[in-house]
Amino acid sequence: MNQHTRIDQRPIPFIDVVAQRRRLGSVIDEATTRVLNHCQFLMGPEVTAFEQQLAAFCGAKHALSCSSGTDALVMTLMAKNIGPGDAVFCPTFTFCATAESAALIGATPVFVDVHADTFNIDVESLKSAINTAKAQGLKPKAVIPVDLFGLPADHDAIAEIADAEKLFILDDAAQGFGGTYKGRDIGTLGHATATSFFPAKPLGCYGDGGAVLTDDDELLSILKSVRIHGQGADKYDNVRLGLTGRLDTIQAAVLIEKLKIFRDEIVTRNRVAQRYSKELKDIATVPVVPEDYESVWAQYTIRLAPGKRDMLAKALQTEGIPTAIYYARPLHRQTAYRQFPVAGNGLPVSEQLADEVISLPMHAYLDEPTQDRIIDAVRRALR
Ligand SMILES: Cc1ncc(COP(=O)(O)O)c(C=O)c1O
């Protein structure tokens, strides 16, 4: 570029919920108005309709909507009676809620390392973490694989170990719902799958929300109870501990409309990611999608040497291009999680990734001129 060419510096959103809102337009107003008119703000007809549609979307037998992705994880662990003395294995390179869910119910999260190329659980580290837990007198009970940044974990490899150790598999698909693994949909890969409808997620609502997907009839029935204070015959018959775990009817109404365009948005997100990778692969380590996997690109994350990463973030910021670092600190290095065990041979890959990762703007409404602006700015900064 000629040095006298004026660089466009208008701010680009990292995730453009406004553009999606524009596309959806009046259908959202009509859907929410219907709820405002019938006034069944909790457990209204939209909640059941959405649950059926969500289950059908991924091919799970059941979907149970709830108050957040974190609550989807917590409620499932509660429903499985997991608690003190139990080890729950999860990656350290993830959002805190993955491990928080186990710690909140008194179980012990045991941290596992990830692969540098997929950012997802390394099964060799999982095996080592199981030995660590046993050596500390903990009972291995569950594994929470995370489909980080939208890419499915290696679910077959995880299931093989889980089967051998009789671990319950709770897939944390807060970022990965909508993705596919060897022709199977996320939502059908674990014994249960938790997802989040936080507004910035690939399938987000207009507040907090989440869901559990499962084929297990018994688990569903316990989850229904946990969702409403451990109710038995009714809300005032309390047969177990539970919480206020419902999804608002208004959010279900919003999600019904968003689910209709979700497939189309996944296609567009993949188009954006492919273009980024094609244009940036010679100057940065671009994300790997193994054959037969489909990501929903909750984040588009590249890797650079630490000095270069921070320089890139600053350079893009001056041009109105936001970046984010997911995650600057793996969970085992966080104050709240430092006391929990880590896989015996350490978590070196997660520590390295924390120094190298940087995510670029990613959403389904990133048009080609804006993609070009980002690609061009990254290339200039790294040249
Ligand atoms: C991997 C992961 N797990 C769990 C959650 C928790 O979801 P929520 O924010 O809906 O509680 C999130 C999102 O924030 C997440 O990214």
Side-chain angles (χ1 to χ4, degrees), residues 14-15 17 50 54 63-78 88-105 109 111-112 114 118-121 142-153 155 158 169-179 186-187 189-190 192-213 223 226-227 243-248 251-252 254-255 258 269 287 295-301 324-332 334 336-337 350 353-354 357 359 362-363:
F14 190 69
I15 288 170
V17 284
F50 172 63
L54 191 73
L64 176 113
S65 63
C66 65
S67 36
S68 70
T70 307
D71 290 342
L73 293 165
V74 171
M75 285 165 48
T76 308
L77 296 176
M78 285 172 78
V88 177
F89 304 95
C90 68
T92 185
F93 194 66
T94 177
F95 181 63
C96 65
T98 313
E100 190 178 35
S101 63
L104 272 174
I105 55 159
F111 291 114
V112 177
V114 298
T118 62
F119 308 112
N120 282 329
I121 276 192
V143 55
I144 312 184
V146 177
D147 304 305
L148 200 74
F149 304 149
L151 181 73
H155 287 276
I158 293 165
I169 305 170
L170 171 54
D171 183 18
D172 180 347
Q175 302 181 15
F177 185 77
I186 292 281
L189 301 171
T193 300
T195 193
S196 163
F197 304 127
F198 180 79
K201 294 289 187 250
L203 178 63
C205 61
Y206 290 159
D208 279 312
V212 182
L213 298 135
L223 281 168
V226 171
R227 176 167 67 176
L243 31 83
T244 302
R246 294 164 294 232
L247 177 74
D248 293 345
Q251 300 303 345
V254 167
L255 283 161
K258 288 209 183 190
R269 282 171 174 276
S295 175
V296 279
W297 299 103
Q299 303 296 340
Y300 183 88
T301 303
I325 301 202
Y326 302 121
Y327 297 93
R329 220 187 303 167
L331 293 183
H332 70 286
Q334 295 280 3
Y337 298 94
S350 298
L353 288 176
V357 288
S359 303
M362 167 53 77
H363 54 84

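All ligand and atom numbering here is 1-based and tracks the order in the structure. In what follows, residues are counted from 1 in the order of the sequence shown.
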Option among Leu151, Thr94, Val114 that satisfies the side chain to side chain contact (heavy atoms under 4.5 Å, CB included) test with Asn120: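 Of Leu151, Thr94, Val114, side chain to side chain contact (heavy atoms under 4.5 Å, CB included) with Asn120 is met by Leu151 alone.
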Residues forming a salt bridge (Lys or Arg N to Asp or Glu O under 4.0 Å) with Arg227, sequence neighbours excluded: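 Scan of Arg227 (salt bridge (Lys or Arg N to Asp or Glu O under 4.0 Å), adjacent residues dropped) gives Glu51.
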Please check this pair: side chain of Ser68 against backbone of Gly210, looking for a donor-acceptor N/O pair closer than 3.5 Å.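 Flag not set: sc Ser68 to bb Gly210 has no pair under 3.5 Å.
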I need the minimum non-hydrogen distance between Gln175 and Asp147, along with the two atoms involved.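 It is CB-O, 3.8 Å.
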Report all N/O contacts between ligand 1 and the protein shorter than 3.5 Å as a table of atom names and distances to 0.1 Å; if there are none, say 'none'.
unit_1, atom_1, unit_2, atom_2, d
ligand 1, 3 (N), Asp172, OD1, 3.1
ligand 1, 3 (N), Asp172, OD2, 2.7
ligand 1, 7 (O), Ser196, OG, 3.4
ligand 1, 10 (O), Gly69, N, 2.8
ligand 1, 10 (O), Ser196, OG, 2.7
ligand 1, 11 (O), Gly69, N, 3.4
ligand 1, 11 (O), Thr70, N, 2.9
ligand 1, 11 (O), Thr70, OG1, 2.5
ligand 1, 14 (O), Lys201, NZ, 3.1
ligand 1, 16 (O), Gln175, NE2, 2.8
ligand 1, 16 (O), Lys201, NZ, 3.2

Report the residues that fulfil ring-ring contact (aromatic ring centres under 6.0 Å, His included) with Phe177, sequence neighbours left out, ordered by chain and then residue number.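 Only Phe57 meet the ring-ring contact (aromatic ring centres under 6.0 Å, His included) criterion with Phe177.
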Output all residues satisfying ring-ring contact (aromatic ring centres under 6.0 Å, His included) with Tyr300, sequence neighbours left out; order by chain, then residue number.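 ring-ring contact (aromatic ring centres under 6.0 Å, His included) check on Tyr300 returns Tyr276, Trp297.
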